[in-house]
Amino acid sequence: MAGRRAAIKAVDWAAFAERVPANQKAMFNALKTRSDALSARLAALPEKPPAIDWAYYKSTVANAAMVDEFQKKFSALKVPEPVDTQSAKIDAQEQEAAKSTAEYVQASKARIATYEQQLQKFRSMIPFDQMTVEDLNEAFPETRLDKEKYPFWPHKPIGDL
Amino acid sequence: MLSRLVLRAAPAALRSLPPPLAVGVLHATRALHTTQQPLAPLPPLPEKGGEVRHGLIPEELFKFLYPKTGVTGPYMLGTGLVLYLLSKEIYVINHETVAAICILSVIIYGVKKYGAAVAAFADKLNEEKVAVALAVKNKAIQTLETAIEEEKKEQWRVEGRGYLFDAKRNNVAMLLESNYRERLLLVYNEVKKRLDYQVAMQLLRRQKEQEHMIQWVEKNVVQSITPQQQKESIAKCILDLKALSKSAQAAV
């Protein structure tokens, strides 16, 4: 009876649901329905089967020796517990998830850093009505007119006007 | 000749004046180029140009002359200069003068009447350009901020992966447990079925034996009734019935 009673941790489905992004809602719902079905099935089954009334059978059945044999074999019977093949896989999945999570979080932090940088640049810009054209070209390099490539006004292809 | 000397000496004299005074002179340069303070970054250019009186003459001249000559000083200077030019015929009045007067009066009238409107229109055009740029900048800021928010949210979401694995493990545990219980139940049911079968078999046997015996006894009894006994029992029944009918009639 050692492996039995693997603790069934209470899962906070509400908090779980909050964290699910919109594009994975279907998967989450499937998981939830499966979980609910399993727990319903588990709840429907009694924990122990009712005890067999051996005295009654011994008194009723003519062949008391057969009843005795049944009783002996029944109490000696050990029902094998089903083997747990998936927990190891789940743990492996969890490790993998932890790793990929760490990577993702790191990448996300790097992204946030770049965003913060750009945000800083935007916030510390001088107002437009105090800029000269050179200031504008510094702040937004894409506005710089290439006077070598297009030496004549308007210094950019006509289609870009 | 003397005047030419004066005219040539004027620039040198200007340069020899101390810097603050040089500001007040007609060919005034901007304060930025003459002050000693280092200014970096440069302050923004002033919104409006220097104050000007009658659209031509900078205010600095009036300020410069006020201590010595009061309010009318520059006007007297101006009048004197004009009279000098006219009387000495340095400026000659001819038909071009009339043309100039007409043209200038029309220009001045036009500027005075429509100047403000045109300036407002030009300002509006500029404003629109600046507003577009500003809108772009604000949108960019907003986008970046939402992007940061989203990233933080995603990080928070990712933290919830524990739930998923707990749910999975729970599922597995539930499955195993229910499987085990089903097996126990199966064993119990099977054994019970067999025992019940035995009991049922026995009962059935008993029943059948009883029925058979009863039938057999009945058959034998019926067989053993001889015709003589039958006649006697029928006669007795008739007598009994007569007696009963008498008593019944009496009761009714």
Side-chain angles (χ1 to χ4, degrees), chain A residues 3-9 11-12 15-16 18-21 31-32 34-35 38-39 41-42 45-50 52 57 60-63 66-67 70 74 77 79-82 84 86-87 90 93-94 97-98 101 104-105 108-109 111-112 115-116 118-119 122-123 125-126 128-130, chain B residues 41 44-45 126-127 129-131 133-134 136-138 140-141 143-145 147-148 151-189 191-192 194-196 198-199 201-203 205:
Chain A
R4 216 184 149 197
R5 285 282 154 245
I8 296 187
K9 217 157 75 156
V11 172
D12 185 1
F16 190 8
E18 266 179 8
R19 302 211 189 215
V20 172
L31 178 68
K32 185 153 199 296
R34 203 149 20 108
S35 245
L38 280 176
S39 59
R41 187 170 141 204
L42 185 66
L45 290 170
E47 193 184 320
K48 271 201 222 311
I52 299 183
Y57 285 115
T60 329
V61 176
N63 194 352
M66 191 176 72
V67 175
F70 272 31
F74 183 76
L77 178 69
V79 178
E81 289 165 19
D84 182 3
Q86 300 298 324
S87 286
I90 293 182
Q93 273 183 356
E94 196 168 8
T101 302
Y104 177 78
V105 165
S108 174
K109 287 211 167 97
R111 276 195 290 268
I112 288 186
Y115 293 153
E116 288 277 348
Q118 287 177 342
L119 206 60
F122 274 119
R123 288 226 174 98
M125 250 186 346
I126 54 181
F128 284 109
D129 41 5
Q130 287 176 15
Chain B
L45 298 177
N126 208 23
E127 274 286 320
K129 284 193 201 148
V130 166
L134 203 63
V136 164
K137 174 177 154 192
N138 283 347
I141 288 182
T143 323
L144 283 172
E145 278 176 355
I148 290 180
E151 290 285 333
K152 293 211 172 107
K153 190 141 192 254
E154 288 300 313
Q155 281 182 9
W156 172 77
R157 271 202 224 272
V158 148
E159 279 167 23
R161 68 187 181 281
Y163 287 124
L164 172 65
F165 293 109
D166 281 343
K168 278 194 177 182
R169 275 192 278 255
N170 276 4
N171 279 5
V172 166
M174 283 198 287
L175 206 56
L176 293 174
E177 178 67 24
S178 51
N179 212 335
Y180 182 67
R181 286 190 196 174
E182 267 173 13
R183 287 182 191 181
L184 286 177
L185 209 59
L186 185 75
V187 165
Y188 164 79
N189 279 343
V191 171
K192 195 146 193 322
R194 301 217 197 254
L195 289 171
D196 283 342
Q198 292 295 325
V199 170
M201 270 282 287
Q202 268 182 231
L203 275 176
R205 204 148 216 243

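We use all heavy atoms of the structure for the numbers below, so side chains are in, but hydrogens, waters and symmetry mates are not. We name chains A, B, ... by the order of the sequence lines, and we start the count at 1 in each one.
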Under 4.5 Å from any heavy atom of chain B, what part of [X] do you find: side chain, backbone, both or neither?
X: A:F16; answer: both
X: A:F70; answer: side chain
X: A:F122; answer: both
X: A:K109; answer: both

Side chain from CB out, backbone as N, CA, C, O: work out which of these in [X] comes under 4.5 Å of a heavy atom of chain A, or both, or neither.
X: B:N126; value: neither
X: B:E127; value: neither
X: B:K152; value: both

Can you confirm whether [X] sits close enough to [Y] that some side-chain heavy atom of one is under 4.5 Å from a side-chain heavy atom of the other?
X: B:E151; Y: A:Y115; answer: yes
X: A:R111; Y: B:I148; answer: no
X: A:L119; Y: B:E145; answer: yes
X: A:F74; Y: B:K192; answer: no
X: B:N171; Y: A:L31; answer: yes
X: A:P82; Y: B:R183; answer: yes

Requested in this report: Identify, with sequence neighbours excluded, every residue that meets ring pair (Phe, Tyr, Trp, His ring centres under 6.0 Å) alongside A:Y104.
Outcome: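 Result, ring pair (Phe, Tyr, Trp, His ring centres under 6.0 Å) vs A:Y104: none returned.
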Rounded distance (nearest 0.5 Å) linking atom [atom1] of [X] with atom [atom2] of [Y]:
X: A:I90; Y: B:F165; atom1: CD1; atom2: CZ; value: 8.5 Å
X: A:I52; Y: B:D196; atom1: CD1; atom2: CG; value: 9.0 Å
X: A:T101; Y: B:Q155; atom1: OG1; atom2: CD; value: 11.0 Å
X: A:E81; Y: B:L184; atom1: CD; atom2: CG; value: 9.5 Å
X: A:K48; Y: B:Y188; atom1: NZ; atom2: OH; value: 14.5 Å

| task | Please report the C-alpha distance between B:K129 and A:F128 in whole Å, then the side-chain angles of each, then the deciding distance to 0.1 Å, and finally whether the side-chain contact (heavy atoms from CB on, under 4.5 Å) criterion is met. | result | CA-CA 10 Å; B:K129 284 193 201 148; A:F128 284 109; over 6 Å; no
Of the listed residues ([options]), which shares the most heavy-atom pairs with chain A below a 4.5 Å separation?
options: B:M201, B:R194, B:E182; answer: B:E182
options: B:L186, B:V187, B:T143, B:N189; answer: B:V187
options: B:K137, B:E159, B:K153; answer: B:K137

Fill in: SB check B:E154 A:R19 (cutoff 4.0 Å)
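The answer is no: the pair does not qualify as a salt bridge.
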Comparing A:A98, A:S87, A:P49, A:A97 against chain B, the one with the most heavy-atom pairs below 4.5 Å turns out to be A:P49
One option among A:M125, A:Q93, A:E116 has the most heavy-atom pairs under 4.5 Å with chain B, and it is A:Q93
Got a donor-acceptor contact below 3.5 angstrom from the [X] side chain to the [Y] backbone?
X: B:R181; Y: A:L42; result: yes
X: A:Q118; Y: B:L144; result: no
X: B:R157; Y: A:V20; result: yes

What is the minimum heavy-atom distance between [X] and [Y], and which atoms define it?
X: A:P80; Y: B:Y180; answer: O-CD1, 4.0 Å
X: A:T60; Y: B:Q202; answer: O-NE2, 2.9 Å
X: A:S35; Y: B:A167; answer: OG-O, 4.5 Å

Review point. Are A:Q86 and B:K168 close enough that a side-chain donor and a side-chain acceptor fall under 3.5 Å?
Key: no
Next on the checklist: Working note: B:R169 + A:E94, criterion salt bridge (charged side-chain N to carboxylate O under 4.0 Å, His left out); need CA distance, chi angles, decisive distance, verdict.
Outcome noted: CA-CA 11 Å; B:R169 275 192 278 255; A:E94 196 168 8; 2.9 Å; yes
A:R34 meets the side-chain hydrogen bond (donor to acceptor under 3.5 Å, both in side chains) criterion, sequence neighbours left out, with none
Pair A:E18, B:W156 - check side-chain contact (heavy atoms from CB on, under 4.5 Å), show working.
CA-CA 10 Å; A:E18 266 179 8; B:W156 172 77; 4.0 Å; yes
